[in-house]
Amino acid sequence: MAQFWKPGTERPPLLDDEDGGILLYSASSSSSGYGYVSIEKQRQRLPVFKYRTAILYLVETHATTIVVGETGSGKTTQIPQFLKEAGWADGGRVIACTQPRRLAVQAVASRVAEEMGVKLGEEVGYTIRFEDLTDRDSTRIKFLTDGVLLREMMEDPLLTKYSVIMVDEAHERSISTDVLLGLLKKIQRRRPELRLIISSATIEAKSMAAFFHTSKKRRGLGGEDCVPKTEPAILSVEGRGFNVQIFYVEEPVSDYIQAAVSTVMSIHDQEPMGDILVFLTGQDDIDAAVRLLTEEAQSNRKSSSGLVVLPLYSGLSRADQDLVFSPIPRGKRKVVIATNIAETSLTLEGVSYVVDSGFSKQRFYNPISDIENLVVAPISKASARQRAGRAGRVRPGKCYRLYSEEYFVKEMSAEGIPEMQRSNLVSCVIQLKALGIDNILGFDWPASPSPEAMIRALEVLYSLGVLDDDAKLTSPAGFQVAEIPLDPMVSKMILASNQLGCSEEIITIAAILSIQSIWVSVRGQQKDLDEAKLRFAAAEGDHVTFLNVYKGFLQSGKSPKWCNKNFVNYQAMRKVLEIREQLKRIAQRIGIVLKSCESDMQAVRKAVTAGFFANACNLEAFSHNGMYKTIRSTQEVYIHPSSVLFRVNPKWVIYHSLVSTDRQYMRNVISIDPSWLIEAAPHFYQHHQPNSIPH
DNA sequence: GAGCACTGC
């Protein structure tokens with residue numbers, strides 16, 4: 001049983017103003033309201049309300065304002081309204097506010113429309129992929145995902161219709177937020193009248209300020225008077241969360257799953273009612289913990305009979321995810337065992353206790369091997385605080401950290417590594433190229449990726465023929481690929497399908513490859529799923545199998561019942577239809593003729609080869625265990641058991657992606673004829689392996 | 001015969 005001690009509650013984050021030019025405001029904590037009050041009263045009770053004048057003053061006088069706001073401060077809903085009231089949307093101008101997630105965009109936009117008493121889609125609107133609820137003439141406040149704003153830049157590089165752009169949740173450091181920040185900094189030099197508001201967590205504020213503090217002279221249009229100060233202002237707004245008491249273990253735990261289970265049991269035995277939220281790393285951990293807690297409940301009926309244990313991760317079906325929000329019988333205590341999904345994406349009300357393992361799964365990218373891996377790694381202090389905060393949303397709570405205070409203070413890093421530095425950069429680089437950023441290596445990022453990663457991305461794009469010898473976008477292929485919102489290798493496959501006469505099929509495949517999985521997630525029904533898959537299995541491989549599933553789905557009249565019977569995920573298929581429609585529109589716009597190759601699967605396989613030639617593998621001549629080697633780097637790889645080609649082992653295959661566990665497994669595999677490789681990418685293969693491919 | 005943190009265009 002883990003032992004905890006309480007060295008004191010976490011202090012609210014403070015900012016000092018030791019740096020010249022940085023402004024600091026602070027005010028006493030606000031009271032939280034009860035009872036039924038008008039919308040206007042509710043607005044006035046938000047902590048951000050008393051900073052209204054300060055915010056408007058700072059935005060007027062500074063090119064960039066950094067707002068440090070805890071959850072519940074009201075910054076996201078109020079600041080755009082303050083700006084509108086102050087005239088920033090006059091003269092046809094628009095105030096933009098970006099979010100990393102679609103759901104947040106929709107939620108915030110409808111809240112603001114409600115507060116302003118207007119119909120959503122008119123004065124207040126939002127844009128996310130597949131959904132544009134704005135009006136060209138009347139929308140004054142627009143919420144959008146940062147990815148959508150990046151796409152808008154391809155039409156209007158200076159984002160001229162916006163007077164103020166607020167980038168919310170910038171501390172999350174997603175790739176699109178970072179790219180957006182880098183580009184906005186560039187735009188500022190051309191548009192001194194543009195104002196930026198960066199909303200960030202405390203820890204990041206100063207590095208963000210340093211990034212936007214440029215000594216370079218602006219190309220201002222007017223005199224000195226109308227040019228805002230270039231050094232960013234920082235303003236801190238307190239949140240409205242409740243105090244969360246932090247407990248640490250005295251000694252490091254060797255098994256965080258067991259420790260989490262014991263901690264839940266002791267909370268249940270000793271603490272007053274209130275739900276428990278446990279942060280673990282992934283499905284395996286979570287299922288194990290759920291099992292252990294259930295066993296515990298059976299062996300120790302008295303203390304644990306009152307527990308309702310629920311798992312929560314994105315792989316669960318919608319219905320299973322919704323269970324965590326449904327009410328439970330009176331007198332019972334809810335325990336939700338979750339991945340990072342509960343850290344930012346989903347908010348559970350009523351949680352009073354958080355158990356934090358200190359770990360999460362994180363993506364890491366090795367530019368040398370060009371492989372992305374998922375690794376269990378320690379979280380950052382920022383994450384730990386975010387997790388703890390989940391216990392104090394409705395009343396004071398407690399957070400039990402399964403690591404020592406010494407570890408937290410001395411060893412845990414302050415912030416996580418930005419996604420930018422942990423990812424493959426091909427999509428990101430082509431997008432910058434399309435925006436006319438020629439010098440990628442010299443681009444001013446909020447966090448620079450490694451030169452190796454950037455060079456690798458440039459190499460891949462060059463090999464795809466979308467960049468030329470001068471690293472400029474080729475015409476038309478480069479521009480077409482940049483236009484398609486998919487991984488460039490997938491986009492290249494779509495371009496190739498035009499010449500091969502199979503664009504209808506390839507667009508379907510591209511849509512399916514861009515979602516997680518078309519199969520329902522099963523536990524204990526693996527055999528049934530495998531049998532269902534066999535009904536669609538194609539000798540050519542997984543891509544062609546996908547086509548069979550899609551065809552069956554259409555023939556069923558897009559029936560949910562049909563999906564159920566065939567272990568196909570109906571929600572996923574709906575998404576496929578949506579993506580497919582978008583891809584069709586874009587394809588037609590860039591001059592791709594929609595055409596079906598009917599049953600000519602050779603055309604389909606050739607198109608896949610045109611995009612994914614770099615992932616070609618050859619079965620080892622005397623391999624009895626299905627070992628393949630990649631042509632590019634002679635790395636050992638195996639066909640994943642979920643593939644229809646598992647145990648079939650064709651001599652030559654191309655994979656869509658690798659997953660690495662104890663072995664490197666190829667997921668989504670298609671068989672090819674090696675002569676197509678040289679057809680598709682002569683430069684690539686003649687240079688790499690002149691003798692290994694038969695002509 | 002095995003495994004999928006989380007977003008997003």
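Chain letters run A, B, ... following the sequence lines, proteins first and then strands; every chain starts at 1.
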A.B. asks: Heavy atoms from C-beta onward define the side chain here; which of B:dA2, B:dG1, B:dC6 lies closest to that of A:Tyr665?
C.D. replies: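 Of all the options, the side chain of A:Tyr665 is nearest to B:dA2.
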
A.B. asks: Quick one: does A:Leu183's side chain get under 4.5 Å of A:Met153's, heavy atoms only?
C.D. replies: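 Result yes, sub-4.5 Å side-chain heavy-atom pair found.
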
A.B. asks: Distance check needed: B:dC6 P versus A:Arg422 CZ, whole Å only.
C.D. replies: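 Result: 14 Å.
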
A.B. asks: Any non-hydrogen side-chain atom of A:Glu131 less than 4.5 Å from a side-chain atom of A:Gln106?
C.D. replies: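 Sidechains of A:Gln106 and A:Glu131: in contact.
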
A.B. asks: Of the candidate nucleotides B:dT7, B:dG1, B:dC4, which contains the atom at the shortest distance from the side chain of A:Ser314?
C.D. replies: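 Of all the options, the side chain of A:Ser314 is nearest to B:dT7.
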
A.B. asks: Counting any heavy atom closer than 4.0 Å, what does A:Arg101 reach on the DNA or RNA strands: base, sugar-phosphate only, or nothing?
C.D. replies: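 Counting heavy atoms under 4.0 Å across all strands, the contact made by A:Arg101 is with sugar-phosphate only.
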
A.B. asks: Does A:Arg102 put a side-chain nitrogen or oxygen below 4.0 Å from OP1 or OP2 of B:dC9?
C.D. replies: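 So the side-chain polar atoms of A:Arg102 do come within 4.0 Å of the phosphate oxygens OP1 or OP2 of B:dC9, strictly under.
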
A.B. asks: Measure the acute angle between the ring planes of A:Tyr403 and A:Phe408, then classify it against the limits of 30° and 60° as parallel, tilted or perpendicular.
C.D. replies: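 Parallel.
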
A.B. asks: Considering only NZ, NE, NH1 and NH2 on the basic side and carboxylate oxygens on the acidic side, decide whether A:Arg151 and A:Glu483 come within less than 4.0 Å.
C.D. replies: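 Not counted as a salt bridge, because no side-chain N and carboxylate O are separated by less than 4.0 Å.
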
A.B. asks: Grab the CD-P distance between A:Glu372 and B:dC6 for me, whole Å please.
C.D. replies: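 After rounding, the gap between these two atoms is 15 Å.
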
A.B. asks: Among B:dC4, B:dA2, B:dC9, which is the nearest nucleotide to the side chain of A:Leu374?
C.D. replies: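 That would be B:dC4.
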
A.B. asks: Parallel, tilted or perpendicular for A:Tyr665 and A:His640, by the 30°/60° rule?
C.D. replies: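 Perpendicular: the ring planes of A:Tyr665 and A:His640 meet at over 60°.
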
A.B. asks: Counting heavy atoms from C-beta on, name the nucleotide in B:dC9, B:dC6, B:dG3 closest to the side chain of A:His640.
C.D. replies: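 Looking only at side-chain atoms, A:His640 lies closest to B:dG3.
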
A.B. asks: In terms of the nearest nucleotide of DNA chain B, which residue is placed more toward the 5' end: A:Asp487 or A:Asn340?
C.D. replies: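 It is A:Asn340, whose closest nucleotide lies nearer the 5' terminus.
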
A.B. asks: Could you check which of B:dG8, B:dC4, B:dG1 has an atom nearest any side-chain atom of A:Gln283?
C.D. replies: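 Out of B:dG8, B:dC4, B:dG1, the nucleotide with an atom closest to A:Gln283's side chain is B:dC4.
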
A.B. asks: Could you give the CD-to-C1' distance, from A:Gln582 to B:dG8, as a whole number of Å?
C.D. replies: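 From A:Gln582 CD to B:dG8 C1': 11 Å.
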
A.B. asks: Take atom CD1 of A:Ile175 and atom C1' of B:dC6, then tell me their distance rounded to the nearest Å.
C.D. replies: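 Answer to the nearest Å: 12 Å.
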
A.B. asks: Output yes when at least one side-chain N/O atom of A:Thr339 is less than 4.0 Å from OP1 or OP2 of B:dC6, else no.
C.D. replies: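 Checking A:Thr339 against B:dC6: at least one side-chain N or O falls below 4.0 Å of OP1 or OP2.
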
A.B. asks: Taking atom types as modelled and ignoring hydrogens, do the side chains of A:Gln386 and A:Thr344 form a donor-acceptor contact shorter than 3.5 angstrom?
C.D. replies: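 Not at all, the side chains of A:Gln386 and A:Thr344 share no donor-acceptor pair under 3.5 Å.
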
A.B. asks: Base, sugar-phosphate, or nothing: which does A:Ile341 touch, judged by heavy atoms less than 4.0 Å apart?
C.D. replies: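 Sugar-phosphate: the residue A:Ile341, judged by heavy atoms under 4.0 Å, touches backbone atoms but no base.
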
A.B. asks: Does A:Ile509 reach the side chain of A:Ile512, with side-chain heavy atoms less than 4.5 Å apart?
C.D. replies: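 Heavy-atom side-chain distance check fails, nothing below 4.5 Å.
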
A.B. asks: Any side-chain heavy atom of A:Leu495 sitting closer than 4.5 Å to one from A:Val481?
C.D. replies: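 The answer is yes, as the side chains (C-beta and beyond) meet within the 4.5 Å cut-off.
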
A.B. asks: Base, sugar-phosphate alone, or nothing: which one does A:Phe130 contact when heavy atoms must sit under 4.0 Å apart?
C.D. replies: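 Touches nothing.
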
A.B. asks: Counting only side-chain heavy atoms from C-beta out, which of B:dC6, B:dC9, B:dG1 sits nearest to A:Ile128?
C.D. replies: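 Ranking B:dC6, B:dC9, B:dG1 by closest atom to the A:Ile128 side chain puts B:dC9 first.
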
A.B. asks: Could you give the CG-to-C1' distance, from A:Leu150 to B:dT7, as a whole number of Å?
C.D. replies: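 The distance from CG of A:Leu150 to C1' of B:dT7 comes to 14 Å, rounded to the nearest Å.
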
A.B. asks: Hey, does A:Leu149 have a side-chain heavy atom less than 4.5 Å from the side chain of A:Ile165?
C.D. replies: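 Touching, per the 4.5 Å side-chain cut-off.
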
A.B. asks: Output the rounded distance in Å from OH (A:Tyr313) to P (B:dA5).
C.D. replies: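 Checked: the OH to P distance equals 9 Å.
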
A.B. asks: Is there a side-chain contact between A:Thr145 and the phosphate of B:dC9, meaning an N or O under 4.0 Å from OP1 or OP2?
C.D. replies: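 Yes, because at least one side-chain N or O of A:Thr145 sits under 4.0 Å from OP1 or OP2 of B:dC9.
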
A.B. asks: Can you check whether A:Ser174 has a side-chain N or O nearer than 4.0 Å to OP1 or OP2 of B:dT7?
C.D. replies: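 Looking at the OP1 and OP2 atoms of B:dT7, neither is under 4.0 Å from any side-chain N or O of A:Ser174.
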
A.B. asks: Flag the pair A:Gln321 / A:Leu346 as yes when at least one side-chain heavy-atom distance between them is below 4.5 Å, and no otherwise.
C.D. replies: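 A:Gln321 vs A:Leu346: side chains touch.
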
A.B. asks: With sugar-phosphate meaning primed atoms plus P, OP1 and OP2, does A:Ser176 contact a base, only sugar-phosphate, or nothing at under 4.0 Å between heavy atoms?
C.D. replies: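 Answer is nothing: A:Ser176 stays at 4.0 Å or more from every strand.
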
A.B. asks: Mind checking if A:Glu343 touches a base, just sugar-phosphate, or nothing, with heavy atoms under 4.0 Å?
C.D. replies: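 Nothing, no nucleic acid heavy atom in range.
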
A.B. asks: Can you check the A:Asp287 CG to B:dC4 P distance for me, whole Å?
C.D. replies: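 Distance, rounded to whole Å: 13 Å.
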
A.B. asks: Measure from CD on A:Gln516 to P on B:dT7 and round the result to the nearest Å.
C.D. replies: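 To the nearest whole Å, that distance equals 8 Å.
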
A.B. asks: Kindly state which residues belonging to residues 105-112 of chain A come within less than 4.0 angstrom of DNA chain B, counting heavy atoms of the residue only, listed by number.
C.D. replies: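 Residues of residues 105-112 of chain A under 4.0 Å from DNA chain B: none.
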
A.B. asks: Near DNA chain B, under 4.0 Å by heavy atom, which residues of residues 354-362 of chain A?
C.D. replies: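 Those residues whose heavy atoms fall under 4.0 Å from DNA chain B, taken from residues 354-362 of chain A in numerical order, are A:Lys361.
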
A.B. asks: In terms of side-chain heavy atoms, does A:Arg129 have a donor or acceptor partner in A:Gln582 at a distance below 3.5 Å?
C.D. replies: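 Yes, a side-chain donor-acceptor pair sits under 3.5 Å.
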
A.B. asks: Answer with yes or no whether A:Asp530 presents, from its side chain, a donor or acceptor under 3.5 Å of a partner atom in the base of B:dG1.
C.D. replies: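 Indeed there is one.
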
